[in-house]
Amino acid sequence: MFTGIIETIGEVKELKQDQSNIHITIASNITSELKIDQSVAHNGVCLTVVSIKDDTYTVTAIDETLAKTNLYMLSKGSAINLERAMKLGDRLDGHIVQGHVDQTAICESIEESDGSWIFTFTYDKSLNNITIEKGSITVNGVSLTVVNSKTNSFSVAIIPYTFLNTTFKYIKPGNVVNLEFDVVGKYVKKLFENNQ
């Protein structure tokens, strides 16, 4: 489990194809604190640390993960949001995040708004995921509050701290991002569907 509060930004140092899998080697300032077999969220995708060397560590993304997320778009030098799994008893500063990306979305627009930024995303509604006004959403692993919720789009407001300390500063219109919809919203939706 994660909280969607990004700890640091890592840099992709190497991508190595292994049949349908990709081994991703990342340099980060949390590498020295990692252990093999630990779970780390990468742009919101939970991956297992398989090796550590100096200031880099390696994770493996399987074919299914690459097909459902934006990790297939990584290249050497790419910046990536990182969060280690939460510890039992820690404060839950974001929201409950599983690290299981539901689908991707496309950034449609970015508007400056009184010192913050409004990012608008569209997603494929045929996958039956929904956003809820003022509910939670995870975008590239970042826990955010939904505004302007529509059938296949939503916006989020990004404050300067989040903009500077996550990969939001690199997102441009047309870029693909990972989405994990709120687990509570998914549960409520399922209850509603079952009672129809």
Review point. How long is the span from the CD1 atom in Ile6 to the CG atom in Leu82, to the nearest 0.5 Å?
Key: 7.5 Å
Exercise for review: Would you please name every residue forming a side-chain contact (heavy atoms from CB on, under 4.5 Å) with Thr162, sequence neighbours left out?
Suggested key: Val142, Ile158, Ile159, Thr166
Point to revise | Connected via hydrophobic side-chain network under 4.5 Å: Val40 and Ile52 | key: yes
Point to revise | From CG (Leu34) to OG (Ser28), nearest 0.5 Å | key: 6.0 Å
Point to revise | Pair listing, side-chain hydrogen bond (donor to acceptor under 3.5 Å, both in side chains) test, anchored in residues 37-50, at least two apart | key: His42-Tyr57
Practice item. Would you sort out whether Glu14 and Lys76 count as a salt bridge (charged side-chain N to carboxylate O under 4.0 Å, His left out), showing the intermediate values? Key: CA-CA 6 Å; Glu14 183 181 13; Lys76 190 174 179 181; over 6 Å; no
**Study point:** All pairs passing salt bridge (Lys or Arg N to Asp or Glu O under 4.0 Å) where residues 138-153 contributes a residue, at least two apart
**Key:** none
Point to revise | By side chain to side chain donor-acceptor pair (under 3.5 Å) - contacts of Asp63 (at least two apart) | key: none
Review point. Do Leu66 and Val12 belong to the same hydrophobic cluster, where Ile, Leu, Val, Met, Phe, Trp and Tyr are linked whenever their side-chain heavy atoms lie under 4.5 Å apart, directly or via other members?
Key: yes
Review point. Where is the tightest heavy-atom contact between Ile132 and Val146, given as atom of each residue plus distance?
Key: O-CB, 3.4 Å
Review point. Roughly how far apart are Gln98 CD and Asp182 CG, rounded to 0.5 Å?
Key: 10.0 Å
Practice item. Grab the two heavy atoms, one from Ala157 and one from Ile118, that are nearest each other, plus how far apart they are. Key: CB-CD1, 3.7 Å
Exercise for review: Could you walk me through whether Asn70 and Asn140 pass the side chain to side chain donor-acceptor pair (under 3.5 Å) test, one step at a time?
Suggested key: CA-CA 9 Å; Asn70 67 1; Asn140 275 356; 3.2 Å; yes
**Study point:** Minimum-distance pair of heavy atoms, taken over all atoms of Ile110 and Lys172
**Key:** CD1-CA, 4.0 Å
Practice item. Given side chain to side chain contact (heavy atoms under 4.5 Å, CB included), test Lys35 with Val49 step by step and report yes or no. Key: CA-CA 7 Å; Lys35 296 177 184 171; Val49 176; over 6 Å; no
Point to revise | Residues forming a salt bridge (Lys or Arg N to Asp or Glu O under 4.0 Å) with Glu11, sequence neighbours excluded | key: Lys13
Exercise for review: Verify the cluster assignment for Ile171 and Ile9: are they in a single hydrophobic cluster under the rule of side-chain heavy atoms below 4.5 Å apart?
Suggested key: no
Practice item. Output all residues satisfying side chain to side chain donor-acceptor pair (under 3.5 Å) with Thr122, sequence neighbours left out; order by chain, then residue number. Key: Glu108
Practice item. Say whether, by atom type as modelled, one donor and one acceptor occur between the side chain of Glu180 and the main chain of Gly141 under 3.5 angstrom. Key: no
Point to revise | Glu64: partners by side-chain contact (heavy atoms from CB on, under 4.5 Å), with sequence neighbours left out | key: Ile62, Lys68
Check your understanding: So if you build clusters from Ile, Leu, Val, Met, Phe, Trp, Tyr with side-chain heavy-atom gaps below 4.5 Å, do Phe163 and Leu144 land together?
Key -> yes
**Study point:** Close side-chain approach of Thr3 to Ser143, heavy-atom, < 4.5 Å
**Key:** no
Check your understanding: Could you give the distance from SG (Cys46) to NE2 (His100), rounded to the nearest 0.5 Å?
Key -> 5.5 Å
Review point. Are the side chain of Ser149 and the backbone N or O of Thr131 linked by a donor-acceptor pair below 3.5 Å?
Key: yes
Exercise for review: For Tyr170, enumerate each residue passing the ring pair (Phe, Tyr, Trp, His ring centres under 6.0 Å) test, keeping only those at least two apart in sequence or located in another chain.
Suggested key: none
Exercise for review: Indicate the atoms forming the closest heavy-atom contact of Tyr123 with Ala105, along with that distance.
Suggested key: CB-CB, 4.0 Å
Study note, to complete from the structure: Scanning both residues in full, the closest heavy-atom pair of Val156 with Thr145 reads CG1-O, 3.6 Å
Check your understanding: When rounded to the nearest 0.5 angstrom, what distance separates CD in Glu83 from CD1 in Ile5?
Key -> 7.0 Å
Review point. Which is it for Val139 and Leu179 under the side chain to side chain contact (heavy atoms under 4.5 Å, CB included) test, yes or no, and what are the steps along the way?
Key: CA-CA 5 Å; Val139 178; Leu179 298 182; 3.9 Å; yes
Review point. Tell me, which pairs form a side-chain hydrogen bond (donor to acceptor under 3.5 Å, both in side chains) where one or both residues lie in residues 110-121, sequence neighbours left out?
Key: Thr120-Ser155
Revision key, fill the gap. In this structure, CE of Met73 is separated from OG of Ser75 (nearest 0.5 Å) by 9.5 Å
Practice item. Could you tell me whether Phe119 and Phe154 have their ring centroids closer than 6.0 angstrom? Key: no
Check your understanding: Can you name the side-chain contact (heavy atoms from CB on, under 4.5 Å) partners of Val45, sequence neighbours left out?
Key -> Leu47, Thr65, Thr69, Leu71, Val101, Asn178
Point to revise | Polar contact flag, side-chain donor to acceptor under 3.5 angstrom, Ser126-Asp124 | key: yes
**Study point:** side chain to side chain donor-acceptor pair (under 3.5 Å) against Gln17, all qualifying residues, sequence neighbours excluded
**Key:** none
Review point. Does one hydrophobic cluster hold both Ile106 and Phe121, with members joined at side-chain heavy-atom distances below 4.5 Å?
Key: no
**Study point:** Partner residues of Thr25 under the side chain to side chain donor-acceptor pair (under 3.5 Å) criterion, sequence neighbours left out
**Key:** Thr58
Review point. Between the main-chain N or O of Leu164 and the side-chain N or O of Lys169, is there a donor-acceptor pair closer than 3.5 Å?
Key: yes
Point to revise | Polar side-chain atom of Glu133 near backbone of Asn148 as donor-acceptor pair, under 3.5 Å | key: yes
Check your understanding: Just by distance, do the side chain of Asn175 and the backbone of Cys107 share a donor-acceptor pair under 3.5 Å?
Key -> no
